[in-house]
K.L.:
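Can you read through this structure? Questions will come right after.
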Amino acid sequence: MDAMTDLLYVHGGTPLQGEITVRGAKNFVSKAMVASLLGETPSELRNVPQIRDVGVVTGLLELHGVRVDADAEAGTLRLDPTDVESAHVADIDAHAGSSRIPILFCGPLLHRLGEAFIPDLGGCRIGDRPINYHLDILRQFGAVVDKRAGGIHIRAPRRLQGTKIALPYPSVGATEQLLLTAVRAEGITELANAAIEPEIMDLINVLQKMGAIISVDTDRVIRIEGVDRLVGYQHTALADRIEAASWASAALATGGDIVVRGATQPEMTTFLNTFRKVGGEFAIDDEGIRFSHPGGELRSIVLETDVHPGFMTDWQQPLVVALTQATGLSIVHETVYENRFGFTDALRGMGATIQVYKECLGGRPCRFGQRNFSHSAVISGPTPLAAADIEVPDLRGGFSHLIAALAAKGTSQVRGISLIDRGYERFTEKLVALGAEFDRD
Ligand code: EPU
């Protein structure tokens, strides 16, 4: 999307009503694409959404000699890693600025080429987002990590060796880093305190199809027996439960009724419970989930974000917009990212009553307590929202602003909407399908 179309004039106040479709999960598809590097034969991934992150990973894979054939309409990707080679550092830099995925290329590239270069990482500005766990994991496998200006050079002096690791925190990316590295390392790897998000489980499905041996124990310990070779996979990506929940929150905030085709229940159980407690209604069938505002008052809640099976941090921002319309005081304690309430500034500017606190409110203490991070929010409602000029801060915060603008009476200017393309497929087309009123510049 070019600068001309980076601004939307949103005429809010109309309930969103209609039907849209979500496809594969952004936070799975990108990792499955990286996994294709580990195979000796081509892979095929289905249910791939047309989002910018897929384009970024496609670019990075192509730079490393992977042939990527995409049928965007059908949502299929064919990934042929037969001729993988080293990429040019400057080119990687040009591709990577907008994503954190490059760090996950390390394990596969170390196995294939013996070395990897990872440029400084992008991604949403929602906290420090360090990569210390990733680098510690790679070192434990025997890789040598060398930080240089502009990026990190990593090499494997010999075949990577299986290892035993306990994560200080169940990081999604670090768990994926370990999986993508351990499957072809020599011997057994054991990861304690692993993350077990559904997207990780689907990555394990993919790796098992490729020939990996991976078990997940009930106590969140993952065990991998390294193998000598892996082959390509054929796989249909699980649905994007973050996008589905975002539209659900949009239905609630605007008093609407949205059928999200493709949304699936098992990965959304925790969200659905919360949605019902707030007063939203949903109906599930084989095609998807219908989310609606039944009319009348919404209820305030106490909510804490957490790793799976807890309430996802990525569900938090869109739901907070709906909570501005609930009666009473809602408390939201963000325990995954230390800095994910920046987006509430704009909501306050639109008339919401939201205060953020450094204390751990509403539940158990988390690792951000006593550390000067504004990571708890108290939302007092219901407050009508008024149109405003907004600048999109990050992917989920940006979508939340869009929801707020759609709920607010009057015309809002929402700038920087191209950021939303990173993770929401053709969202302006979906808004049209839902009866939203907006103009482009
Ligand atoms: N962390 C560290 N050190 C590390 C890695 C993580 O301290 O080396 C900390 C982070 O700073 C954060 C926490 O661990 O406080 C959790 O981070 P995690 O590694 O789990 O997140 P991630 O893998 O970087 C993925 C998603 C995020 C999603 C989180 C949590 C992708 C590409 N991104 O990030 O999605 O919020 O897991 O579920 O999969 C989004 O889609 O908008 C998004 C931000």
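Whatever order the structure lists them in is the order used to number ligands and atoms, beginning at 1. Since the model is a prediction, treat every value here as computed from it, not as a measurement. Residue numbers count from 1 along this sequence.
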K.L.:
If hydrogens are left out, which of F399, Y133, Y337 has an atom nearest to atom 22 (P) of ligand 1, that is, the closest non-hydrogen atom?
P.N.:
Y337
K.L.:
Can you list the ligand 1 atoms lying under 4.0 Å from a non-hydrogen atom of K26?
P.N.:
40 (C), 41 (O)
K.L.:
Which atoms from ligand 1 have a heavy atom of Y169 less than 4.0 Å away?
P.N.:
13 (C), 14 (O), 16 (C)
K.L.:
Side chain or backbone, does M312 bring an N or O within less than 3.5 Å of an N or O on ligand 1?
P.N.:
no
K.L.:
Find all atoms of ligand 1 within a distance of less than 4.0 Å from any non-hydrogen atom belonging to R340, and give their numbers and elements.
P.N.:
36 (O), 42 (O), 44 (C)
K.L.:
Would you tell me which option among T175, N339, V336, L135 has the nearest heavy-atom contact to atom 15 (O) of ligand 1?
P.N.:
V336
K.L.:
How does E334 reach ligand 1, by side chain, by backbone, by both or by neither, if only non-hydrogen atoms under 4.0 Å count?
P.N.:
neither
K.L.:
Parallel, tilted or perpendicular, judged at 30° and 60°: which one describes the rings of F368 and H375?
P.N.:
perpendicular
K.L.:
Taking side chain as C-beta onward, heavy atoms only, is I200 less than 4.5 Å from V216?
P.N.:
no
K.L.:
Please confirm whether the backbone N or O of T76 pairs with a side-chain atom of D71, one donor and one acceptor, at under 3.5 Å?
P.N.:
no
K.L.:
I'd like to know if the side chain of S249 reaches the main chain of A322, judged simply by a donor and an acceptor atom lying under 3.5 Å from each other, with no hydrogens or angles considered.
P.N.:
no
K.L.:
So between D394, N27, T313, whose heavy atom ends up nearest atom 30 (C) of ligand 1?
P.N.:
T313
K.L.:
For the pair T175 (side chain) and A195 (backbone), establish whether a donor and an acceptor sit closer than 3.5 Å, ignoring hydrogens and angles.
P.N.:
yes
K.L.:
Could D314 and R340 be called an ion pair, given the rule that one side-chain N must be under 4.0 Å from one carboxylate O?
P.N.:
yes
K.L.:
For atom 5 (C) of ligand 1, tell me which residue out of P130, S30, G423, A174 has the closest non-hydrogen atom.
P.N.:
P130
K.L.:
Of all the atoms in ligand 1, which lie at a distance below 4.0 Å from a heavy atom belonging to I131?
P.N.:
8 (O)
K.L.:
For Q317, is the nearest heavy atom under 4.0 Å from an atom of ligand 1?
P.N.:
no
K.L.:
Out of curiosity, is K31 lining ligand 1, as in a heavy atom under 4.0 Å away?
P.N.:
yes
K.L.:
Between F275 and F282, how do the two ring planes meet: parallel, tilted or perpendicular, split at 30° and 60°?
P.N.:
tilted
K.L.:
In this structure, is the centre-to-centre distance between the rings of F427 and W247 below 6.0 Å?
P.N.:
no
K.L.:
Check contact between Q316 and ligand 1, using heavy atoms of the residue and a distance below 4.0 angstrom.
P.N.:
no
K.L.:
Just to be sure I'm reading this right: ignoring hydrogens, which of T335, D314, I137 gets closest to atom 43 (C) of ligand 1? Compare them by their nearest heavy atoms.
P.N.:
D314
K.L.:
Counting each atom of ligand 1 from 1 as listed, which ones have a heavy atom of L395 under 4.0 Å away?
P.N.:
42 (O)
K.L.:
Quick one: look at H134 and ligand 1, take heavy-atom pairs under 4.0 Å, and tell me if it's side chain, backbone, both or neither.
P.N.:
both
K.L.:
Using 30° and 60° as the class limits, which term best fits the ring planes of F291 and F271: parallel, tilted or perpendicular?
P.N.:
perpendicular
K.L.:
Can you list the ligand 1 atoms lying under 4.0 Å from a non-hydrogen atom of G173?
P.N.:
19 (O), 23 (O)
K.L.:
Please check if the side chain of K26 supplies one atom and the backbone of Y424 the other of a donor-acceptor pair under 3.5 Å.
P.N.:
no
K.L.:
Output, in order, the C-alpha distance, side-chain angles, deciding distance and verdict of side-chain contact (heavy atoms from CB on, under 4.5 Å) for R241 and E199.
P.N.:
CA-CA 10 Å; R241 64 195 173 119; E199 292 76 16; 2.7 Å; yes
